[in-house]
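To start, the structure itself, in C-alpha cells.
First the proteins, then the strands, lettered A, B, ... as listed; each starts at 1.
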Amino acid sequence: MIARVGKWLDDRLGLSTIVELGSHKTVPVHRYTVFYYLGGMTLFFFLVQVCTGVLLMLYYRPSANEAFESVEFIMTVVPFGWLIRSIHSWSANLMVFFAMLHLASVYFLKAYRPPRELTWVSGVFVLFLILGFGFSGYLLPWNQLAFFATKVGTDIAGAVPFIGHWMVRFLRGGDRVSGGTLSRFYGWHVAVLPAITCVFLGAHLALVQLKGMSVPPSCKEEAGKRQPMKFFPQFALRDLSGWLFALGCLAALAALFPWELGEKADLFAPAYENIRPEWYFVFMFQTLKLVPGGEIFGLEYEAIPILLFGALGLLLMLVPFLDRSAPGKGKVWSIVGAVALLFVIGMTCWGYMSLLPLYVVILSGILLLLLAFITRGGRRSEN
Amino acid sequence: MEALESRPRRRFLNYFLGSSLGAVVVSFLYPVIRFASPPLIPEATTNQVEAGDTSDPLLMTKGFKIVRFGAEPVILLKVTDTEYRAFSATCTHLDCIVGYQKERTRIFCNCHGGAYDLNGRNVSGPPPRPLTAYKVNLLAKGSEPAKIVVSKA
C-alpha cells in the first residue's frame, strides 16, 4: 500500500529525481568538518522560533494596554505558556549565538571565496535580519527594558545624516516610542521580517546546495585523502542528533531558567540601574557609553561610532569582493577579523564587568576547549 | 532586410515597455512608502502643569519625581526645602529618561552613564547638550503644603 502511494506520488512529483540527487550529495571530511554543522544548528533554532512564535501569536495582543498583560497571561495561566515563551526567548539567543559562530567560522576558513560570494552576502543579510528579529521582538512584552532598549535603539537611527529624523519617525511610528511603535514592531516581527527572511534564507540554502561545502585551502590535501561523507544518511543523521541535543538543552534552559518578564513599561519613569541590552548588542552599547559628549563639524560625537558600526556592517557584507587574495593567502583579512572579534568580545566583557557571573567565564572556556579538542581529534585520526 | 528594419522599432517598443513597467512599480511603491511613514499629528501644546504639592512622598524621600508635561517627561527636583527645579527628563544623549542621585547630588541617566549637575548642565559621560530647564512656582496657601506648578521657561 505504502509502495503504491509512493509510486503514485513519484509519478506526479518526480520524487525519485530529488532522492537520486540527494544520494550523490557528499560532505568533505577534514579536521574542520565540525564547523559545517553550525549553519544547520542556526537553522534549527530558526525553525523553533517559527513554531513557538506562531503559538505565542494565539494569545499575544500587540497594544500598549494589553501587551504586557497578555504575556503575563501566557506565562501564568496558559498551560505550558511559560515553556513556549521561555523556549522562544532562549532559542532566539541561541540562534543569534550560532549565527555568529557560523559567520566567524566561515570568515576564518575563508569559505566566502569565489564562487561562494553570494552565499556569504545572503548569509550576512540573514544575520542582520536575525538581529532585526531580536530587536523588534524585544519590545513586544512591553516591559521597562523593552521600552528603553527601543527608545535608544530607534534614536540611534537619528545619527544617519539627512534622513535620520525621518528614519526615527518611521521606526517609531511617530515622534515617540508609544503604543504605535508596538504595533509597528509587531508587524515587522511577525510579517515583514519573516517574509524577507524566507527569500534570503531560501537563497542562502539553495546556494549552499548548488555550490556544495567549501574546503579550506589548508585542508585541501587532507580532504583529498579522506573519504567524503555521504549527506544522506551520515551527515543528516549527525545533524539531527545535534538538533535533538539542542532541543534537550532548550527544554532544560526554559525549565531551569524561565525568561523574566520584568515590570510593565512606564513612559514616565527613569531608566533603572544596570540597564543593558541583550548580550549581542552589548559591544555597541559599551562603545556608546565610552564616547564623551561633544560636537565636531555639526556632527555629535555619538554619531561617529554609530556610523562606523553601520559602515563596518556594510564592509562585512562586501568582504568576498574586497579580499581577492589567492587561496591560502590573505592573512591580513584573518588579522582584521581577529581584531574585530577581540573588540566585540572585549567590549562585551567590559559591558558585563559589573555582574559577569563566574559560570559564564567557565562555560565559555569549556566550550572553547571542547572545540579545540574536536578539531585536534580530527587531525589525529588523519595521521 | 526586414529584420534589420524592425530593430530600432523593437528597441523602441522594449524601451517603452520597460519604462511603463517602471512607472507601474513606482505608482505602487509611492503610496506604500507614504502609507508606512507615520503622519504628523499636531500635539496640544502644554505650557504648564500642576505637579502635586510639596508634601509628595516621592519628593520627601527620593528628592525627585517625573512629571507628565503633555507627552514629555519632566524631572522635578527638590534641591532644598524651599527650592525646587525642573528640567526636561529626556537625556540629550539617546532619549532615555534621567533620574536623580540624591547622595551624589546629580541628575543621572542609567542607560549610558550620562551625568548632569543640578543646573541641568551635562558634566560627564556621553550627553552632548544640557537639559532644557523649566520654571517652578510654589503656590503657598496658609499652612497647607505649597502647590507646585511647572511651566515652560
Which region of B:Asp95, side chain (C-beta onward) or backbone (N, CA, C, O), has a non-hydrogen atom less than 4.5 Å from a non-hydrogen atom of chain A, or is it both or neither?
-> both

Would a 4.5 Å heavy-atom cut-off, applied to side chains only, mark A:Arg184 and B:Pro38 as touching?
-> yes

Honestly, the part of B:Ala89 sitting under 4.5 Å from a heavy atom of chain A is neither

Hey, is CD on B:Glu83 packed in by over 12 heavy atoms from elsewhere, all under 6.0 Å?
-> yes

Ranking B:Cys96, B:Ala71, B:Gly113 by heavy-atom pairs under 4.5 Å to chain A gives rank one to B:Ala71

Kindly compute the distance separating CD (A:Gln286) from NE2 (B:His112), expressed to the nearest 0.5 Å.
-> 9.5 Å

Using a cut-off of under 4.5 Å on heavy-atom pairs, state which of A:Gly294, A:Pro270, A:Gly174, A:Pro277 scores highest against chain B.
-> A:Pro270

Which atoms of B:Val74 come close to chain A, meaning under 4.5 Å heavy atom to heavy atom: side chain ones, backbone ones, both, or neither?
-> neither

Side chain / backbone / both / neither for A:Ala149 at chain B, heavy atoms under 4.5 Å = neither

Between A:Phe268 and B:Gly70, what is the shortest heavy-atom contact and its length?
-> CZ-O, 4.1 Å

If you count the non-hydrogen atoms of other residues, nucleotides and ligands that lie under 6.0 Å from CD in A:Glu69, is the total more than 12?
-> yes

Assert top hit (heavy-atom pairs under 4.5 Å, partner chain A, pool B:Leu40, B:Asn122, B:Ile41) equals B:Leu40

Give a yes or no on whether A:Phe343 atom CZ has more than 12 heavy-atom contacts from other residues, nucleotides or ligands under 6.0 Å away.
-> yes

Region of B:Glu72 in contact with chain A, defined by heavy-atom distances below 4.5 Å | both

From A:Phe148 CZ over to B:Cys109 SG, what is the distance, rounded to the nearest 0.5 angstrom?
-> 8.0 Å

Side-chain touch A:Leu267/B:Pro73, heavy atoms, less than 4.5 angstrom = no

Counting heavy atoms not belonging to B:Lys135, are there more than 12 under 6.0 Å from its NZ?
-> no

Does the side chain of A:Glu300 reach to within under 4.5 Å of the side chain of B:His93, using non-hydrogen atoms?
-> no

Donor-acceptor contact below 3.5 Å, side chain B:Asn110 vs main chain A:Ala271 = yes

Side chain to side chain, A:Ile275 and B:Cys111, heavy atoms closer than 4.5 Å = yes

May I ask you to test the B:Pro128-A:Glu302 pair for a side-chain heavy-atom distance under 4.5 Å?
-> yes

Can you say whether B:Ile75 sits under 4.5 Å from chain A via the side chain, the backbone, both, or neither, judging by heavy atoms?
-> neither

Taking A:Gly180, A:Gly158, A:Ala269 one by one, which has the highest count of heavy-atom pairs under 4.5 Å against chain B?
-> A:Ala269

Toward chain A, the part of B:Phe108 with a non-hydrogen atom under 4.5 Å = neither

Is there a donor-acceptor pair under 3.5 Å between the side chain of A:Arg169 and the backbone N or O of B:Pro39?
-> yes

Is the number of heavy atoms from other residues, nucleotides or ligands within 6.0 Å of NZ (A:Lys264) greater than 12?
-> yes

If you count heavy-atom pairs under 4.5 Å with chain B, which of A:Tyr301, A:Phe147, A:Tyr272 comes out on top?
-> A:Tyr272

Inter-residue atom distance B:Thr90.OG1 - A:Asp155.CG, 0.5 Å rounding | 10.0 Å

Cut-off 4.5 Å, heavy atoms of chain B, and the answer for A:Val152 is both

Flag yes if more than 12 heavy atoms outside A:Lys289 fall under 6.0 Å of its NZ atom; otherwise flag no.
-> yes

